[in-house]
2 protein chains.
Amino acid sequence: MEAITRPLPLPMSFADGVFPAGCPSRTLLDHITSKWGVLILLSLSEGEQRWSELRRRAEGISEKMLAQTLKTLERDGLVSRKAQPVIPPRVDYSLTDKGYELSGLLVPLVGWAFDNADEIINGKRSPLA
Amino acid sequence: MEAITRPLPLPMSFADGVFPAGCPSRTLLDHITSKWGVLILLSLSEGEQRWSELRRRAEGISEKMLAQTLKTLERDGLVSRKAQPVIPPRVDYSLTDKGYELSGLLVPLVGWAFDNADEIINGKRSPLA
DNA sequence: CTTCCACCTTACCGCTAGGTCAGTACCTTA
DNA sequence: TAAGGTACTGACCTAGCGGTAAGGTGGAAG
């Protein structure tokens, strides 16, 4: 309802606001804020996981999207893939250093979304007041 | 290259991993991590802004998408819209309390993306080593 | 002998996010 | 008279995100 005109405690500011179109930041942002990218990153933030495990945890993802998302994140150096030449195949996915850095910022965001989703999406204002 | 098997300093964990498909969290997450949603939220985190100002700062956005994104964020109670009945029309957009909360988490994430984009997207590894 | 599982890949395809363009209403400046 | 700025809305269309389904490999289990 009432918007507060806050003094905007912005620690950093981008050029004269937001970054230019077509710059790499936009691309990277698209990768990490993609529908499944967030969930994979989030899931992996809890530790190394296998393909089938990720598939189960990122509920609703298709195998195609899982493969595609993992490949993108691996190319970006956020996820590391370790395949063992055993039968049946075993592949472990985990976050790289950069991936951990990122997940440290991503987790609170998703946590916030999780906490406020019900109130915001359905009209349920302050369930405890 | 080398992935570290970190002890995963996760402060909170979701159920048994990630949240279920079709729940409100997914919807909210889609809104705030949408291509333009992030940029609008980010831009508004620096204070109240007018339509045309947002249009300029979120470089590349179309009027249709600007309107649509603002409408979604307003419905979610993250952005407040104040229209003044003057000629020519003047409308000011700003973040609500919830919006500020969110931007506090979003800004560092985008900052990180901004800092690491060049290194990650183009192959430029450690430009200062 | 067939099925099933793990881990993918490729082919096909619908849907929709998002782009483009035109139009509206009113005032200002050239 | 005409062009331009402010804040939109709606029609139309396309690229590509993402879904569905099938294929492939090799062992183990029925």
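Residue numbering restarts at 1 for every chain, and letters A, B, ... go by the order of the sequence lines.
The closest side-chain donor-acceptor pair between A:Asp92 and A:Gln84 falls under 3.5 angstrom. With hydrogens and angles left out, the side-chain atoms of B:Gln49 and B:Ser94 include no donor and acceptor closer than 3.5 Å.
In the set C:dA6, D:dG18, C:dC8, C:dC8 carries the atom at the smallest distance from any side-chain atom of A:Trp51. Between C:dG18, D:dG5, C:dC7, one nucleotide has an atom nearer to the side chain of B:Lys35 than all others, and that is C:dG18. The side chain of A:Pro89 approaches C:dA6 more closely than any other nucleotide in the set C:dC8, C:dA6, D:dT6.
What separates CD of A:Glu63 from P of C:dA11 is a distance of 17 Å, to the nearest Å. Atom C1' of nucleotide D:dC8 and atom CG of B:Asp92 are separated by 15 Å, given to the nearest angstrom. Taking atom NZ on B:Lys82 and atom P on D:dC8, their separation rounds to 14 Å, with Å as the unit. Put simply, CE on B:Met65 is 17 Å from C1' on D:dA7, counting in whole angstrom units. Remark: P of D:dC8 and CG of B:Leu54 are 10 Å apart, rounded to the nearest angstrom. Nucleotide C:dC7 holds its C1' atom 16 Å from the CD atom of A:Gln68, rounded to whole Å. Atom C1' of nucleotide C:dC7 and atom CZ of A:Arg90 are separated by 13 Å, given to the nearest angstrom. Whole-Å rounding puts the B:Arg56 CZ to D:dA7 C1' distance at 13 Å.
Checked by atom type and distance alone, the side chain of B:Arg55 pairs as donor or acceptor with a backbone atom of B:Ile61 at under 3.5 Å. In this structure, the side chain of B:Glu101 does not engage the main chain of B:Lys98 through any donor-acceptor pair within 3.5 Å. Side-chain atoms of B:Thr96 come within 3.5 Å of backbone N or O of B:Gly77 as a donor-acceptor pair. When atom types are taken as modelled, the side chain of B:Thr69 and the backbone of B:Leu66 share no donor-acceptor pair closer than 3.5 angstrom. In this structure, B:Ser103 contributes its side chain and B:Leu42 its backbone to no donor-acceptor pair below 3.5 Å.
Here A:Ser52 lies in heavy-atom contact (under 4.0 Å) with sugar-phosphate atoms only. B:Arg81 comes within contact range of the sugar-phosphate backbone alone, with a heavy-atom separation under 4.0 Å but no base atom that close. Counting any heavy atom pair closer than 4.0 Å across all strands shown, B:Lys64 reaches a base atom.
For the pair A:Arg50 and C:dA6, the criterion of a side-chain N or O lying under 4.0 Å from OP1 or OP2 is not met. Distances shorter than 4.0 Å separate none of the side-chain N or O atoms of A:Tyr93 from OP1 or OP2 on C:dC7.
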Dot-bracket assigned to DNA chain D with the 3.5 Å Watson-Crick/G-U criterion, [ ] for crossing and | for other-strand pairs, is ||||||||||||||||||||||||||||||

